[in-house]
Amino acid sequence: MSERKVFVTVGTTSFDNLISTILTPVVLQALNLRGYNYLSLQIGKSSLKPDCTPRYGIKHIEYFQLSSSIENYIQATDLVISHAGAGSILEALEAKKHLIVVTNELLMDNHQLELAQQLYEDKYLFYCTCDTLLNTIQTMELNKLKPFMSDGSKNIVNHLDRIMGFR
C-alpha cells in the first residue's frame, strides 16, 4: 500500500480542539478508510504533546510546532486539513491540494467562516467545525472539487476586503 498523507495545520495560533479531534479513534479510522495512512500535524503554539503512536490504520504520526514555511509539507501531502486562516487556505489551494477547512467556533469574528463558506460554494474546498469533521471526512467527494486557478488571489483578496469592510 502506498503512502497517502494528511497534513493538518493550525498556523501560528493555538487550535487544540482541532488537534485533539484529529487524533480521536473515529477520525483516525475514518481517514484510514479513505486510504490515508500518514499524518503530519503542525500544532502552532499549542502546549499539547500529541501521541504519535501509530494506530487505527495510520502507520506514521508526527508533529511539530512552527516552521518558517509549511510549503514542503503541503507539497508532499494528499489532503490538507487546515484552520480557516486565509494564508493557509491560499497556500493549500494554490498547491492544488484537496482541502478541508475547520473553522474555530471560539473566535469572536466570523470573517474566517465567511471565507470558508464562499470557497466551499465555489467548490474549491470542504469546510466544517471540529464537531462535524468526522462527517465531512466520511462524506466528502473530492472529485467534486474544482482546481483553484490562481490569478494572484485577486478574487479572494476582493472577497476579504468586502468582509472586512474595506470596500
Side-chain angles (χ1 to χ4, degrees), residues 1-107 112-113 115-117 119-120 123-148:
M1 181 183 204
S2 65
E3 267 186 7
R4 294 209 46 229
K5 298 180 179 184
V6 176
F7 176 60
V8 179
T9 179
V10 301
T12 59
T13 63
S14 178
F15 193 178
D16 292 352
N17 194 21
L18 175 56
I19 300 303
S20 298
T21 300
I22 289 286
L23 292 172
T24 60
V26 292
V27 170
L28 291 175
Q29 288 170 336
L31 287 169
N32 184 250
L33 285 172
R34 298 302 301 251
Y36 301 102
N37 54 16
Y38 189 106
L39 180 62
S40 292
L41 306 164
Q42 183 270 315
I43 66 170
K45 294 180 180 172
S46 175
S47 59
L48 291 176
K49 299 293 180 222
D51 177 4
C52 292
T53 306
R55 58 197 183 275
Y56 305 108
I58 305 298
K59 296 178 181 178
H60 181 87
I61 301 173
E62 66 183 5
Y63 79 93
F64 63 96
Q65 288 193 287
L66 298 169
S67 174
S68 59
S69 172
I70 58 171
E71 180 181 359
N72 291 338
Y73 290 94
I74 290 174
Q75 290 297 331
T77 200
D78 300 290
L79 173 67
V80 176
I81 300 175
S82 176
H83 72 121
S88 296
I89 290 172
L90 287 175
E91 199 163 352
L93 290 177
E94 289 177 346
K96 309 284 189 253
K97 297 300 176 175
H98 292 132
L99 177 60
I100 299 173
V101 170
V102 183
T103 59
N104 187 343
E105 295 176 304
L106 300 178
L107 295 179
Q112 290 186 343
L113 176 60
L115 176 61
Q117 285 175 327
L119 292 171
Y120 169 77
K123 298 187 179 358
Y124 292 123
L125 55 77
F126 294 100
Y127 82 99
C128 60
T129 63
C130 288
D131 290 339
T132 60
L133 178 59
L134 174 62
N135 184 63
T136 300
I137 292 168
Q138 292 171 327
T139 62
M140 66 184 177
E141 294 182 56
L142 298 176
N143 61 335
K144 300 232 173 164
L145 294 178
K146 297 186 325 191
F148 183 73

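Note that the coordinates shown come from a computational prediction; the quantities given were computed from them, not determined experimentally.
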Self-check item: Atom of Gly35, atom of Arg4 and distance for their closest heavy-atom approach
Solution: O-CB, 3.2 Å
Exercise. Check Ala116 against Val101 and note the closest heavy-atom contact, atom names and distance.
Key: CB-CG1, 4.0 Å
Self-check item: Heavy atoms from other residues, nucleotides or ligands near NZ of Lys96 exceed 12 (cutoff 6.0 Å)
Solution: yes
Quiz item: Does a side-chain heavy-atom distance below 4.5 Å link Met140 with Arg34?
Solution: yes
Quiz item: Between atom CG of Asp131 and atom CD of Glu105, what is the distance when rounded to the nearest 0.5 Å?
Solution: 6.0 Å
Quiz item: Got a second to check how far Leu125's CG is from Gln117's CD, nearest 0.5 Å?
Solution: 11.0 Å
Exercise. Would you check if Leu133 and Leu18 make a side-chain contact, meaning some heavy-atom pair closer than 4.5 Å?
Key: yes
Quiz item: Is atom NZ of Lys144 surrounded by more than 12 heavy atoms (other residues, nucleotides or ligands) closer than 6.0 Å?
Solution: no
Exercise. Identify the two heavy atoms, one from Thr129 and one from Val102, that lie closest to each other, and give their separation to 0.1 Å.
Key: C-CG1, 3.7 Å
Quiz item: Would the number of heavy atoms belonging to other residues, nucleotides or ligands and lying under 6.0 Å from OH of Tyr120 be above 12?
Solution: no
Quiz item: Between CD1 of Ile58 and CG of Leu23, what distance do you get to the nearest 0.5 Å?
Solution: 10.0 Å
Quiz item: Taking atom CG of Leu119 and atom OH of Tyr127, what is their separation to the nearest 0.5 Å?
Solution: 11.0 Å
Quiz item: Which heavy atom of Gly57 sits nearest a heavy atom of Asn37, and at what distance?
Solution: O-CB, 3.6 Å
Quiz prompt | Nearest atoms (heavy-atom pairs only) where Gln65 meets Ser46 | solution = NE2-O, 2.8 Å
Practice problem: Please answer whether the main-chain N or O of Tyr38 pairs with a side-chain N or O of Lys59 as donor and acceptor at a distance below 3.5 Å. | Solution: no
Practice problem: Supply the atom-to-atom distance Leu99 CG to Phe126 CZ, rounded to the nearest 0.5 angstrom. | Solution: 10.0 Å
Self-check item: Residue pairs passing the ring pair (Phe, Tyr, Trp, His ring centres under 6.0 Å) test where at least one lies in residues 75-102, sequence neighbours excluded
Solution: none
Practice problem: Give a yes or no on whether the backbone of Ile74 and the side-chain of Thr77 come within a donor-acceptor separation of less than 3.5 Å. | Solution: no
Quiz item: Any side-chain heavy-atom pair from Cys128 and Asn135 closer than 4.5 angstrom?
Solution: no
Practice problem: Please round to the nearest 0.5 Å and tell me the distance separating atom OH of Tyr56 and atom CG of Asn32. | Solution: 12.0 Å
N/O donor to acceptor pairs below 3.5 angstrom from side-chain atoms of residues 5-15, sequence neighbours left out:
{"from": "Thr9", "atom 1": "OG1", "to": "Gly11", "atom 2": "N", "distance (Å)": "3.2"}
{"from": "Thr9", "atom 1": "OG1", "to": "Gln42", "atom 2": "OE1", "distance (Å)": "2.5"}
{"from": "Thr13", "atom 1": "OG1", "to": "Val10", "atom 2": "O", "distance (Å)": "2.9"}
{"from": "Ser14", "atom 1": "OG", "to": "Asp16", "atom 2": "OD1", "distance (Å)": "3.2"}

Practice problem: List the atom of Ile61, the atom of Asp51, and the distance in Å for their closest heavy-atom pair. | Solution: CG2-O, 4.1 Å
Self-check item: Side-chain touch Leu28/Leu39, heavy atoms, less than 4.5 angstrom
Solution: yes
